[in-house]
Amino acid sequence: MSWTDGYIADVAYVSTFHREMTPCWLTSTVTALGYRAPDIAAPFTWCDLGCGPGLGTALTAASHPHAQFTAVDFNPAHVAEGRRLAEAAGLSNLVFVEDSFAGLAEAAPESYPRFDFIVMHGVYSWISPANRQAVLRFIDRFLAPGGIVYLNYMSHPGLSSFASAQRLMRLQAQGRGGPSDLAASSGLDFLHRMAEAGAGYFVDHPREAARLDNARKEGGLYAAHEFMSEHWAPQHVADVIGDLDAVRCHYLGSATTCENIDALSLPAKLLPLLKDVADTAQRETIKDLARNQSYRRDLYQRGRLPLTVAEHLAALGDIVWQALPGAPTGGGLTFDTRIGPVEGAAALFGPLLAALAKGPGRFDELARQTGLDEQPGMLNQALQMLQWAGLAHPLPPLAQEEPAQRLNRVIAERVLDGHDDRYLAAPGIGSAVAANRLEMAAVRVLLDTPALHGQALAEAVLPLAERAGLFPTRTGNRSQRLNELVQALGPWSERILPSWRRMGVLPQA
């Protein structure tokens with residue numbers, strides 16, 4: 001048997017970041033669900049299984065220098081890339097481990113600490129049944145009591161119909177040969193031609209044509225790892241809940257926070273059907289059918305630790321929330337959910353958005369400001385919806401900027417040299433922000449000279465923008481290119497840059 005066991009290893013996975021895997025997101029969501037979360041104000045331990053090139057783990061570790069992070073991948077190229085990034089940024093709290101899941105499952109007891117968090121994104125539905133059992137064995141041996149598992153995976157029924165297309169992609173790739181990314185792109189292009197030719201599969205499953213278009217936009221590297229594994233298999237949530245229950249981990253809810261609010265994430269006429277369903281696996285299966293769920297972000301806890309009503313109110317009251325860039329300052333909202341548009345009433349969200357626009361606020365303070373003192377459950381749900389929509393974020397109890405800004409310098413330099421990193425560490429929210437290449441060039445300048453703005457900032461950014469290929473045709477003279485930069489950086493400097501400074505992405509001017 002090959003060391004890859006059917007997994008894609010000849011090309012590296014894309015460098016990415018998932019906000020739902022971060023400690024602050026996980027603990028606030030677990031608290032919102034009514035369970036006792038690990039204390040991330042104290043030193044904690046966090047493990048990423050199948051970390052890829054390591055950007056996401058590095059961003060998270062840089063934002064929590066008081067904690068210890070372990071990133072594991074079986075691909076030596078991924079581990080080498082992650083180590084180079086961590087070493088360049090001086091992240092002494094991050095260790096990369098090259099090992100298989102089978103090796104992890106049989107590791108000596110002293111090899112790893114008992115982790116407060118074990119996270120895994122995507123991989124569970126791409127690996128063999130034997131490797132899934134090895135993952136469960138590792139969780140059983142090394143997750144601390146009360147620890148949290150984040151498990152993202154492809155699911156039925158949303159991806160059930162894609163199985164036929166995935167099979168043809170693999171057959172096309174095997175016939176073509178060559179690197180997996182090019183083979184995946186070739187398979188996607190062939191399927192696209194079939195869709196354009198009116199293949200009945202795409203006529204009967206129009207959602208798959210849209211999925212195909214999205215995959216083609218993401219590119220061959222993404223498609224190779226997402227869809228080309230020999231053991232690719234969407235999972236039934238009931239089976240996954242059973243798997244985790246066997247290693248004493250109990251389902252709490254979803255890291256996709258809107259999915260924890262049935263009234264806002266399920267068709268209204270379906271809600272009565274859930275009323276008398278007590279079995280967790282059955283309830284979640286019904287919800288997956290209701291949403292035609294394609295991807296799940298499950299949360300499990302080692303030994304379920306529910307909070308009393310008083311404890312829950314106290315834990316919620318301590319969470320500090322902050323508006324994110326682009327958040328409105330009042331009025332109602334429309335949330336674009338899997339079941340269609342869901343209206344957020346202005347009477348509820350208007351006062352909350354107005355309060356957050358004034359600056360960060362504790363949950364109990366927001367309750368008083370919005371008149372929801374007697375309805376903390378309503379405020380809890382409203383904040384979860386704002387969090388999911390990218391309009392608000394809980395703040396970590398500790399925030400140290402210097403390690404994150406060291407990493408941001410390294411990331412910006414990598415992008416200027418042609419790397420495809422798209423995120424910067426934001427320690428003020430314990431997370432990361434997306435950034436394009438021009439913004440990366442501006443960040444690189446502002447990390448050294450924070451006070452630059454306007455024409456002076458554009459002057460300093462221009463040579464870096466040219467180095468990054470942002471003016472590939474050299475159209476116009478220098479004055480014209482400089483004017484383009486002033487125009488491009490102006491809105492970002494006014495609307496985004498102040499928030500990035502508050503979030504610790506960059507130092508204050």
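Below, each value reflects all heavy atoms present in this structure, side chains not excepted, and no hydrogens, waters or symmetry copies.
Using a cut-off of 4.0 Å between Lys/Arg side-chain N and Asp/Glu carboxylate O, Arg83 and Glu98 are scored as not salt-bridged. Between Glu413 and Arg467 there is a salt bridge, since at least one side-chain N of the basic residue sits less than 4.0 Å from a carboxylate O of the acidic one. A salt bridge does not link Asp213 to Arg211: none of the charged nitrogens lies less than 4.0 Å from a carboxylate oxygen. A salt bridge links Asp421 to Arg414: one of the charged nitrogens lies within less than 4.0 Å of a carboxylate oxygen.
In this structure, the side chain of His225 does not engage the main chain of Gly220 through any donor-acceptor pair within 3.5 Å. Not a single donor-acceptor pair under 3.5 Å links the side chain of Asn93 to the backbone N or O of Phe69. Between the side chain of Ser186 and the backbone N or O of Leu182, no donor-acceptor pair lies under 3.5 Å. The backbone N or O of Asn477 sits less than 3.5 Å from a side-chain atom of Gln480, completing a donor-acceptor pair. In this structure, Thr27 contributes its side chain and Cys24 its backbone to a donor-acceptor pair below 3.5 Å. Side-chain N or O atoms of Glu218 include none that pairs as donor or acceptor with a backbone N or O of Ala215 at under 3.5 Å. Remark: side-chain polar atoms of Arg338 are paired, donor with acceptor, to backbone N or O of Arg291 under 3.5 angstrom.
Side-chain contact, Thr45 with Arg114: no donor N or O sits under 3.5 Å from an acceptor N or O. Glu494 and His453 share no side-chain donor-acceptor pair at under 3.5 Å. Between the side chains of Ser265 and Glu259, no donor-acceptor pair is found at a separation under 3.5 Å. At a cut-off of 3.5 Å, with distance as the only test, a side-chain donor of Ser180 or Asp10 sits close to an acceptor on the other residue.
The distance from atom OH of Tyr35 to atom CG of Leu307, rounded to the nearest 0.5 Å, is 9.5 Å.
Two residues are said to be in side-chain contact when any heavy atoms from C-beta on lie closer than 4.5 Å; Ile8 and Val11 meet this criterion. Under the 4.5 Å side-chain criterion, counting only non-hydrogen atoms from C-beta, Leu398 is not in contact with Ile40. The closest side-chain heavy-atom distance from Leu457 to Ser493 is below 4.5 Å. Counting heavy atoms from C-beta on, the side chains of Trp500 and Val433 come closer than 4.5 Å. Using a 4.5 Å cut-off on side-chain heavy atoms (C-beta onward), Pro23 and Trp46 make contact. Contact check for Gln322 versus His393: no side-chain heavy atoms found under the 4.5 Å cut-off.
Each of Tyr150, Trp25, Phe44 was compared with Phe117 under the ring pair (Phe, Tyr, Trp, His ring centres under 6.0 Å) criterion, and only Phe44 meets it. Under the side-chain contact (heavy atoms from CB on, under 4.5 Å) rule, Leu55 has a single partner from Thr16, Thr60, Leu85, Val14, which is Leu85. For the side-chain contact (heavy atoms from CB on, under 4.5 Å) criterion with Asn152, the lone passing option out of Arg297, His18, Met21 is Arg297.
Applying the salt bridge (charged side-chain N to carboxylate O under 4.0 Å, His left out) rule to Arg296 yields the partners Glu284, Asp288, Asp298; only residues at least two apart in sequence or on another chain are considered. Taking Gln381 as the reference, nothing meets the side chain to side chain donor-acceptor pair (under 3.5 Å) condition, with sequence neighbours excluded. Under the side chain to side chain donor-acceptor pair (under 3.5 Å) criterion, Asn436 pairs with no residue, sequence neighbours left out. The side chain to side chain donor-acceptor pair (under 3.5 Å) check on His78 picks up Asp73, with sequence neighbours excluded. Listed by chain and number, the residues in a side chain to side chain donor-acceptor pair (under 3.5 Å) with Glu226 are Tyr13 (sequence neighbours excluded).
The two residues Leu353 and Gly331 make their nearest non-hydrogen contact at CD1-O, 3.8 Å. For Leu104 against Val72, the heavy-atom pair with the smallest separation is CD1-CG1, 3.6 Å. Contact record, Leu489 with Ala442: CD2-CB, 4.1 Å, taken as the closest heavy-atom pair.
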Might you work through the side chain to side chain contact (heavy atoms under 4.5 Å, CB included) test for Leu26 and Thr29, ending with a clear yes or no?
CA-CA 5 Å; Leu26 292 172; Thr29 304; 6.0 Å; no
Please lay out, stage by stage, how Arg481 and Glu484 fare under the test salt bridge (charged side-chain N to carboxylate O under 4.0 Å, His left out).
CA-CA 5 Å; Arg481 294 197 299 276; Glu484 285 181 38; over 6 Å; no
For Asp448 and Arg409: C-alpha separation, side-chain torsions, deciding distance, then whether side chain to side chain contact (heavy atoms under 4.5 Å, CB included) applies.
CA-CA 9 Å; Asp448 285 343; Arg409 184 187 305 273; 2.5 Å; yes
Could you give me the CA-CA distance, side-chain angles and deciding distance for Val30 and Ile148, then say whether side chain to side chain contact (heavy atoms under 4.5 Å, CB included) is met?
CA-CA 9 Å; Val30 169; Ile148 300 299; 3.9 Å; yes
What pairs of donor and acceptor atoms, side-chain ones from residues 502-509 against any protein atom, are under 3.5 angstrom apart with sequence neighbours left out?
{"unit_1": "Arg502", "atom_1": "NH2", "unit_2": "Ser499", "atom_2": "OG", "d": "3.0"}
{"unit_1": "Gln508", "atom_1": "NE2", "unit_2": "Arg501", "atom_2": "O", "d": "3.3"}

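Relative orientation of the Tyr7 and Phe74 rings is perpendicular, given thresholds of 30° and 60° on the angle between their planes. Ring geometry, Phe138 versus Tyr112: the interplanar angle exceeds 60°, so the pair is classed perpendicular (tilted spans 30 to 60°).
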